[in-house]
Amino acid sequence: MRRDKTLLLTRAALAALLLGGSISIAQAKSPAPADLKKHGTSAADKYKPSLDVMKDMKVDQPGAKPGVPALSKAEFAKANKIYFQRCAGCHGVLRKGATGKALTTEITRKNGLEYLISFITHGSPAGMPNWGTSGDMSKQDINLMARYLLNEPPTPPEFGMAEVRKSWKVIVPVAKRPKKKMNKINIDNIFSVTLRDSGEVALIDGKSKKILQIIKTGYAVHISRISSSGRYLFVIGRDAKIVMIDLWMKTPGPVAEIKIGAEARSVETSKYKGYEDKYAIAGAYWPPQYVIMDGETLEPRKIVSTRGMTYDTQEYHPEPRVASILASHYKPEFLVTVKETGHILMVDYSDLKNLKVTDIEAERFLHDGGLDSTGRYFLVAANARHKVAVVDTKESKLVALIETGGVTPHPGRGANLIHPKFGPVWVTSHLGDETISLIGTDPVKHKKYAWKVVQTFEGQGGGSLFVKTHPKSKHLYVDSPLNPDAETASSIAVFKISDMAQKEPKYKVLPIGEWSGITEGVRRVVQGEFNMKGDEIWFSVWNGKAQESAIVIVDDKTLKLKHVIKDKRLITPTGKFNVYNTRKDIY
Ligand code: DHE
């Protein structure tokens, strides 16, 4: 204890020296040792955006201010890199706050160097990771970060039409593309598999399970979506690069590409009748904007900023990120979720010159979501608020905001099934605990259950990211790849839908990691995806970049191992997108 106190005084003295007289320095607030148990880092705390592209972006170092510790060029570059990798996801690019607190200089300077060092070292029970005591950051780096935070943040560049257009490339012009499908592949049963750390996708034939192609895409590639006809596949990387692949070509390959910002996570295509394959849209984390593009060439047509007011307190937010985007089947509209301000924008693409946007007040921290089984209602998690917002895409209205009963819902696009008692329900699991929540989605025949959590039961544990079923399946599959227990992270819980009539349905554990035959690594098992027929489900066994990974295929009827795909080209497989299920929103 005494040693701690001496250390604090020394640091405070040092801080006073560094800061000079112009800025007040608060005493360090180290948590009491008994409280430190609450300062751990959970799976949900770790699963925060890492702005890996922006960390390498060249930015100008803001000028030094008298009384504030100056950073050398090299120190600034290092601190900036760490900030974008580890801090910006929660505290924002401009440090104005997101799920984490604002770290603008009027706040950091008031708290002082010592406080910042203590906070970064120990974290907080509110979700700030304990970077120091976990051993994830060295004392020197923590000191550097605390000094960095006392200085003004740099401002990364904008990405307007000139920059977007400059990045746009048509690789094969429309006139030179085939007029009909030129290959014998059943393209509806192709799986586009994210190879996260190699910046590629693998196109795998659903029948033969053979890799058809490996295609270079964006950095830390994230998701794939498919045009309404099933012809064009759109892949987006975290570097905001979209690669458009023509599945009709003799050898499917890229036909256009574009970069819509510096950091992005979502892409979608128009699905309303009469607009099939007409437009694509992508949403960026930085700059905060969405971009509507031509659906055949990716020519950028319209860029719309999402900067604006929070839906509740109506305060200006300079960088609300675009999270999930979904295409409506009821209107020529895209549903664009704006994370930090909590708006769901229904963007009418029928007239881009006179753009009409229905702006729905939903909830802050919108993240991922999908449609109900009828395709009419959009359910999206406001994850840090432990809620799900429901939008009626036909009436363009918010229908409900529902507490899920668990901590940090993470549905992916969710799972739709017919419950033996409650009728049609949509399911989400949670990052923060083992809760699986079922929400009634039929306001006509099961009115009293609609938009309520009708049942919760327990899965294997927290750290779950995705749930999955299929209209033909009798099962619900729940992953838990971020669970700290290695066995839980490498297996899947399966529930029988008919057992859900019981209060606490039991689950069966499928040891997918073990079935893969891989013995090294954590073998995180992530994101089940059905084949077109709905009789088998594919799981990724996601290991480190230098380790072996695999895809394990399970027979849905028998729950037995059916096939393992192993190939040295399968580097860090994560998301898998079956063409038919993705274009038809079957999940
Ligand atoms: Fe994702 C979907 C954001 C980390 C795999 N992820 C999404 C969506 C968003 C998002 C906004 C919804 C897109 C849509 O529907 O339009 N993801 C983020 C992050 O901000 C986060 C937390 C951190 C980051 O820096 O990116 C993040 N995501 C991950 C991963 O680490 C995962 C597990 C592995 C990977 O490949 O990166 C991952 N995210 C996925 C997948 C989907 C997804 C597979 C699509 C699921 C689906 O069924 O549609």
Side-chain angles (χ1 to χ4, degrees), residues 43-55 84-86 88-90 98-99 191-201 217-226 234-240 263-269 280-286 290 321-327 334-340 365-371 378-384 408 410-415 428 431 463-469 477 479-482 489 524-530 538-540 542 545 549 571-578 581-582 585-587:
D45 297 333
K46 281 198 172 139
Y47 189 67
K48 292 283 158 60
S50 168
L51 305 187
D52 283 343
V53 184
M54 295 187 77
K55 84 177 192 310
F84 279 99
Q85 206 166 19
R86 299 192 151 170
C90 291
T99 45
F191 286 69
S192 173
V193 180
T194 297
L195 303 178
R196 190 187 191 283
D197 295 349
S198 64
E200 297 168 325
V201 288
T217 57
Y219 173 87
V221 51
H222 197 204
I223 67 164
S224 296
R225 295 290 187 240
I226 190 87
F234 298 80
V235 182
I236 192 155
R238 281 176 172 77
D239 57 356
E263 282 272 351
R265 301 291 183 274
S266 49
V267 65
E268 177 61 305
T269 71
I281 182 173
Y285 272 15
W286 185 270
Y290 59 87
R321 293 172 254 212
V322 175
S324 46
I325 304 182
L326 247 107
F334 291 122
L335 284 98
V336 176
T337 63
V338 188
K339 194 188 274 280
E340 282 78 13
F365 310 122
L366 298 167
H367 190 75
D368 50 347
L371 297 169
F378 173 49
L379 296 97
V380 58
N383 59 11
T408 322
H410 194 287
R413 283 167 291 166
T428 183
L431 256 169
S464 175
L465 291 177
F466 302 106
V467 286
K468 190 71 77 178
T469 186
Y477 298 82
D479 72 7
S480 41
L482 299 184
R524 293 184 201 286
V525 173
V526 69
Q527 205 244 12
E529 174 77 342
F530 271 87
W538 296 31
F539 292 100
S540 302
W542 172 23
K545 193 173 176 184
S549 289
I571 297 162
T572 57
T574 54
K576 298 160 300 303
F577 304 90
N578 174 267
N581 294 334
T582 307
D585 288 300
I586 297 171
Y587 35 81

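Ligands are counted one by one from 1 in listed order, and the atoms in each one are counted from 1 as well.
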Tell me, please, which residues at least two apart from Phe334 pass ring-ring contact (aromatic ring centres under 6.0 Å, His included).
-> Tyr349
Which of the listed options, Arg524, Arg321, Arg238, holds the heavy atom that is closest to atom 30 (C) of ligand 1?
-> Arg238
Ligand-residue contact atoms, ligand 1 with Lys48, heavy atoms, under 4.0 Å | 23 (C)
Under the ring-ring contact (aromatic ring centres under 6.0 Å, His included) rule, collect the residues that match up with Trp286, sequence neighbours excluded.
-> none
Using the test ring-ring contact (aromatic ring centres under 6.0 Å, His included), find all partners of Phe577 that sit at least two apart in sequence or belong to another chain.
-> none
Is it true that a side-chain atom of Ser549 and a backbone atom of Ile571 form a donor plus acceptor pair closer than 3.5 Å?
-> no
Return the residue, atom name and 0.1 Å-rounded distance of the protein heavy atom closest to atom 29 (C) of ligand 1.
-> Tyr47 OH, 3.2 Å
Check if Glu529 has a non-hydrogen atom at a distance under 4.0 Å from any atom of ligand 1.
-> no
So is there a nitrogen or oxygen of Lys468 less than 3.5 Å from a nitrogen or oxygen in ligand 1?
-> no
Here the pair of heavy atoms bringing Val221 nearest to Thr194 is O-CG2, 3.1 Å
How about atom 1 (Fe) of ligand 1, which protein N, O or S atoms come within less than 2.8 Å?
-> His222 NE2
Ligand 1 atoms in contact with Ser50 (distance to a heavy atom under 4.0 Å) = 24 (C), 25 (O)
Return the minimal non-hydrogen interatomic distance between Phe530 and Phe191, and the atom names on each side.
-> O-CZ, 3.5 Å
So does Arg321 pair up with Glu340, basic N to acidic O under 4.0 Å?
-> yes
To which protein heavy atom is atom 36 (O) of ligand 1 closest, and what is the distance rounded to 0.1 Å?
-> Thr574 OG1, 2.6 Å
Ligand 1 to Lys339 polar contact by distance, N or O atoms, under 3.5 Å | no
Any N/O pair Arg413/ligand 1 closer than 3.5 Å = yes
Taking the minimum heavy-atom distance to atom 11 (C) of ligand 1, which of Gly283, Ala323, Ala88, Pro49 ranks first?
-> Ala323
A student checking ligand 1 against Ile325 at a 4.0 Å heavy-atom cut-off should list atoms 14 (C), 16 (O)
side-chain contact (heavy atoms from CB on, under 4.5 Å) between Val53 and Tyr219, worked out | CA-CA 8 Å; Val53 184; Tyr219 173 87; 3.7 Å; yes
Residue pair Asp52 / Gln85, side-chain heavy-atom distance below 4.5 Å = yes
With side-chain contact (heavy atoms from CB on, under 4.5 Å) as the test, would you mind laying out the steps for Arg413 and Asp368 before giving the verdict?
-> CA-CA 7 Å; Arg413 283 167 291 166; Asp368 50 347; over 6 Å; no
Check for a donor-acceptor pair, side chain of Gln527 on one end and backbone N or O of Ser540 on the other, with a separation under 3.5 Å.
-> no
For the pair Leu335 and Glu268, evaluate side-chain contact (heavy atoms from CB on, under 4.5 Å) and give the outcome as yes or no after the intermediate values.
-> CA-CA 10 Å; Leu335 284 98; Glu268 177 61 305; over 6 Å; no
Based purely on interatomic distance, does Trp542 place a nitrogen or oxygen under 3.5 Å from a nitrogen or oxygen of ligand 1?
-> no
Ignoring hydrogens and geometry, is there a side-chain-to-backbone donor-acceptor pair from Ser192 to Ser224 under 3.5 Å?
-> no
So, does Arg238 use its side chain to make a donor-acceptor pair with the main chain of Ala220 at under 3.5 Å?
-> yes
Starting from atom 35 (C) of ligand 1, find the nearest protein heavy-atom neighbour and note its residue, name and distance.
-> Arg196 NE, 3.3 Å
Can an N or O of Ser266 be found at a distance shorter than 3.5 Å from an N or O of ligand 1?
-> no
Ligand 1 versus Arg225, non-hydrogen atoms closer than 4.0 Å: side chain, backbone, both, neither?
-> side chain
Determine whether any heavy atom of Val526 lies closer than 4.0 Å to an atom of ligand 1.
-> no
Top protein contact for atom 46 (C) of ligand 1, by heavy-atom distance = Phe466 CE2, 3.5 Å
Counting heavy atoms only, which part of Tyr587 comes closer than 4.0 Å to ligand 1: side chain, backbone, both or neither?
-> neither
Is there a side-chain contact between Leu431 and Asn383, using heavy atoms and a 4.5 Å cut-off?
-> no
Residue, atom name and distance, where the atom is the protein heavy atom closest to atom 19 (C) of ligand 1 | Tyr285 OH, 3.6 Å
